[in-house]
Amino acid sequence: MESFFHIQGAPASPLAPLILIHPISGIALPYLTLGPLSSPTNHQHSRPVYGLSCPFYESKSYQLPASFAALARDYVDRIRKEIPHGPYILGGLSMGGMIAIKMAEVLEEECEMVLGVLLIDSTNPEGYPPFDDPRERDEIAEWTYKTYAGRTGLPGFEEMGCEEDGVLDGEVDKDSGLGDEEDDDDEMDMMEYLPRMRKHIYNSLDMVTRAGEGEYLPKGVKSPVTLVKCTQLASLPETVSEYRKKGYHFRFQDERAGWTVDKFQSIPIDAQHEAVFDSQHVGRVTDILRGVLEEMD
């Protein structure tokens with residue numbers, strides 16, 4: 001799987017490209033379900049849209065960064081190899097939005113222009129409570145894994161889904177690696193994606209926890225930020241602590257989802273977080289994003 005890939009639009013268009021960063025699954029293929037984000041009248045000038053999946057699915061040798069700052073700098077370097085200079089528009093679902101904000105900061109520090117950041121139900125990770133009980137962290141990670149396994153956009157994953165759990169158990173060290181075998185071939189087979197997704201989710205939850213303890217600390221971006229915010233509260237695993245549930249409800253009730261940037265707008269969508277790119281909602285997401293993008297031109 002190529003980590004950086006074209007979704008729609010004309011690469012030679014004069015419009016700033018939109019780059020959508022993967023959610024916690026590490027896979028950006030769900031963005032392929034978006035409808036046209038540009039006016040259909042001039043295909044040659046339609047805005048180019050790209051997805052960025054974690055290179056973890058492209059290369060066995062890729063090491064997952066430990067912080068949002070390190071991840072953002074790595075992703076900015078990768079994007080600038082493909083598109084050396086801005087202006088850029090960044091965005092992403094959930095964790096993808098958290099990464100996009102940090103990437104915008106990096107690009108602005110490098111004197112590159114970011115026209116806007118599009119957060120799709122992304123919460124500011126600052127203040128995210130630590131996991132006092134590792135079992136709770138494991139429960140949330142496994143629940144997240146099962147939620148995303150059938151929504152990857154990869155052919156056959158809907159059928160495979162979580163039926164692979166029995167096969168993966170015992171084969172994958174979710175905390176320290178993906179097995180001890182050595183392979184000269186650095187490319188991935190599709191059957192390796194599910195165990196890598198589980199590893200990516202565990203790593204990402206730990207990254208969010210460290211961010212909540214003070215490692216995120218965004219300086220603030222100068223470009224405008226738009227939050228597409230789900231208005232239906234998603235369910236949580238029954239084992240989640242009351243303390244964590246209260247924090248989750250508090251952020252859900254905040255129309256800014258904890259973001260403190262200056263140029264900010266929040267647009268509601270009547271959907272649950274995990275279903276926002278499902279067929280019944282993706283049309284509305286497309287309409288919202290298209291409207292915001294047209295205002296940037």
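The model shown is predicted, which means the values in this text are computed figures rather than measured ones.
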Are [X] and [Y] in one and the same hydrophobic cluster, where Ile, Leu, Val, Met, Phe, Trp and Tyr link if side-chain heavy atoms are under 4.5 Å apart?
X: I19; Y: L32; answer: yes
X: L119; Y: F250; answer: no
X: Y243; Y: Y128; answer: no
X: L15; Y: I83; answer: no

For residues [X] and [Y], report the shortest heavy-atom separation together with the two atoms involved.
X: P87; Y: P17; answer: O-CD, 3.4 Å
X: V276; Y: H281; answer: O-CB, 3.4 Å
X: G92; Y: Y31; answer: CA-OH, 3.4 Å
X: S223; Y: L115; answer: CB-C, 4.1 Å
X: A141; Y: I201; answer: O-CG2, 3.7 Å
X: R80; Y: P84; answer: NE-O, 2.9 Å

Do [X] and [Y] have side-chain heavy atoms sitting under 4.5 Å apart?
X: I27; Y: M197; result: yes
X: L107; Y: I79; result: no
X: K199; Y: L64; result: yes
X: R256; Y: L227; result: no
X: Y148; Y: S94; result: yes
X: Y62; Y: C54; result: yes
X: L52; Y: L20; result: no
X: V240; Y: W143; result: no

Query raised in the report: Are the ring centres of Y50 and F5 closer than 6.0 Å?
Result: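 Y50 vs F5: aromatic centres not under 6.0 Å.
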With the threshold set at 4.0 Å, does a side-chain nitrogen-carboxylate oxygen contact exist between [X] and [Y]?
X: R137; Y: D206; value: yes
X: E274; Y: K146; value: no
X: D287; Y: R284; value: no
X: R78; Y: D74; value: yes
X: E255; Y: K229; value: no

Requested in this report: On the 0 to 90° scale, with breaks at 30° and 60°, tag the H200-H22 ring pair as parallel, tilted or perpendicular.
Outcome: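 Correct class here is perpendicular.
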Report task. Would you check, one step at a time, whether the test side chain to side chain contact (heavy atoms under 4.5 Å, CB included) holds for Y193 with R198? Result -> CA-CA 9 Å; Y193 289 159; R198 177 178 276 167; over 6 Å; no
Under 3.5 Å, is there a donor-acceptor pair between the side chain of [X] and the main chain of [Y]?
X: T226; Y: L118; answer: no
X: R47; Y: L37; answer: no
X: R251; Y: T123; answer: no
X: R290; Y: G35; answer: no
X: S59; Y: P55; answer: no
X: D278; Y: Q280; answer: no

**Report entry** Worked verdict on K60 versus R196 for side chain to side chain contact (heavy atoms under 4.5 Å, CB included)
**Finding:** CA-CA 10 Å; K60 294 179 182 180; R196 284 195 166 251; 3.9 Å; yes
**Report entry** Y248: partners by side-chain contact (heavy atoms from CB on, under 4.5 Å), with sequence neighbours left out
**Finding:**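 For Y248, the residues satisfying side-chain contact (heavy atoms from CB on, under 4.5 Å) (neighbours in sequence not counted) are L233, A234, L236.
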Exceeds 12 heavy-atom contacts within 6.0 angstrom, atom [atom1] of [X]:
X: Q63; atom1: CD; value: no
X: D77; atom1: CG; value: yes
X: K222; atom1: NZ; value: no

Report task. Test side chain to side chain contact (heavy atoms under 4.5 Å, CB included) on Q8 and S46 and set out the steps. Result -> CA-CA 8 Å; Q8 61 175 267; S46 59; over 6 Å; no
**Report entry** Distance in Å, I7 CD1 paired with L34 CG, rounded so as to fall on 0.5 Å steps
**Finding:**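 One gets 7.0 Å once the value is rounded to the nearest 0.5 Å.
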Query raised in the report: If you round to the nearest 0.5 Å, how far is NE2 of H273 from OG1 of T231?
Result: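 The NE2 atom of H273 is 13.5 Å from OG1 of T231, to the nearest 0.5 Å.
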Query raised in the report: Should C230 and Q272 be marked as a side chain to side chain contact (heavy atoms under 4.5 Å, CB included) after you check the CA-CA gap, both sets of side-chain angles, and the distance that decides it?
Result: CA-CA 6 Å; C230 291; Q272 288 190 354; 6.0 Å; no
Query raised in the report: In terms of side-chain heavy atoms, does Y57 have a donor or acceptor partner in E2 at a distance below 3.5 Å?
Result: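 E2 and Y57 do not have a side-chain donor-acceptor pair below 3.5 Å.
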Query - Pair S241, E136: side-chain N/O donor-acceptor within cut-off below 3.5 Å - result: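 There is such a pair (donor and acceptor under 3.5 Å, judged by atom type) between the side chains of S241 and E136.
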